[in-house]
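Remarks on the structure that follows.
These numbers come from a predicted model, not from an experiment.
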Amino acid sequence: MKEVIIAKDAPAAIGPYSHGVKVGNLLFLSGQIPVNPATGEMPQGIKAQTEQSLANVKAILTSQGATLDNVVKTTVFLADMSLFGEMNEVYAREFCEPFPARSAVAVKQLPKSALVEIEVIAGQRIFPVGGGVS
């Protein structure tokens, strides 16, 4: 059974979708563009936009009692692959080892002409290395 996730501290959806969906112990978050939930504005530059996108991801995770440590997979969409290095600098500061699996792709255009969009899959419980449920 799926449960819809709506986080009051994340920007409102700009279309017919939820912030995320919870299925069992898994959280599937919609892609987050760098919209500041307080102002509705986007910062300039890929580093600031990556920071804001991840802040939005963190707000949704927090609403479910999770953190970036719970993330097992990310997908990063970039307006241009030349932005990868600067995005990766911010990403590396925010995530800790063991890093989640990640895909990063360039797309033709993102909503609101954002430079980056980040979506994640997270687990609400962390399993010990070596597998199995504790």
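Grouped with Val105 in one hydrophobic cluster are Phe77, Val107, Leu110, the linkage being side-chain heavy-atom contacts under 4.5 Å among Ile, Leu, Val, Met, Phe, Trp and Tyr residues.
Using a cut-off of 4.0 Å between Lys/Arg side-chain N and Asp/Glu carboxylate O, Glu119 and Lys73 are scored as not salt-bridged.
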List, one per line, each side-chain donor-acceptor pair under 3.5 Å for residues 2-9, sequence neighbours excluded.
none

Could you give the side-chain donor-acceptor pairs of residues 32-43 under 3.5 Å, partners two or more places apart or in another chain?
{"from": "Gln32", "atom 1": "NE2", "to": "Ser30", "atom 2": "O", "distance (Å)": "3.3"}
{"from": "Asn36", "atom 1": "OD1", "to": "Ala38", "atom 2": "N", "distance (Å)": "2.7"}
{"from": "Asn36", "atom 1": "OD1", "to": "Thr39", "atom 2": "N", "distance (Å)": "3.3"}
{"from": "Thr39", "atom 1": "OG1", "to": "Glu41", "atom 2": "N", "distance (Å)": "3.1"}

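With sequence neighbours left out, Phe84 forms a ring pair (Phe, Tyr, Trp, His ring centres under 6.0 Å) with no residue at all. Partners of Glu117 under the side chain to side chain donor-acceptor pair (under 3.5 Å) rule, at least two apart in sequence or in another chain, do not exist in this structure. Residues passing the salt bridge (charged side-chain N to carboxylate O under 4.0 Å, His left out) test with Glu86, sequence neighbours excluded: none.
Residues Leu61 and Phe28 fall into different hydrophobic clusters, defined by Ile, Leu, Val, Met, Phe, Trp and Tyr side chains chained together at heavy-atom separations under 4.5 Å. Cluster membership for Val76 and Phe99, using ILVMFWY side-chain heavy atoms within less than 4.5 angstrom, is shared.
Asn88 and Arg93 share no side-chain donor-acceptor pair at under 3.5 Å.
Contact record, Asn56 with Ala10: O-CB, 4.2 Å, taken as the closest heavy-atom pair. Nearest heavy-atom pair across Ile118 and Val57 is O-CG2, 3.9 Å. Residues Pro111 and Ile14 share a closest heavy-atom pair of CB-CD1, 3.8 Å.
Here the straight-line distance linking atom CE of Met81 with atom CE of Met87 works out to 8.0 Å at 0.5 Å rounding. Atom CG of residue Leu54 and atom CD of residue Gln49 lie 12.0 Å apart, to the nearest 0.5 angstrom. Rounding to the nearest 0.5 angstrom, the gap separating the CD1 atom in Ile121 from the OG1 atom in Thr74 is 9.5 Å.
In this structure, Arg102 forms a cation-pi arrangement with Tyr91, its terminal cationic atom sitting closer than 6.0 Å to the ring centre and no more than 45° off the ring axis.
Without hydrogens or angle criteria, Asn25 side chain to Gly123 main chain gives no donor-acceptor distance under 3.5 Å.
Counting heavy atoms from C-beta on, the side chains of Ile46 and Val90 never come closer than 4.5 Å. Residues Leu29 and Ile60 have side chains in contact (heavy-atom distance under 4.5 Å, counting atoms from C-beta outward). Side chains of Phe95 and Asp69 form no contact here, defined as non-hydrogen atoms less than 4.5 Å apart.
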*asked:* Run the side chain to side chain contact (heavy atoms under 4.5 Å, CB included) test on Val71 and Leu27 for me, step by step, so that the C-alpha distance in whole Å, both residues' side-chain angles and the decisive distance to 0.1 Å come before the verdict.
replied: CA-CA 9 Å; Val71 174; Leu27 307 172; over 6 Å; no
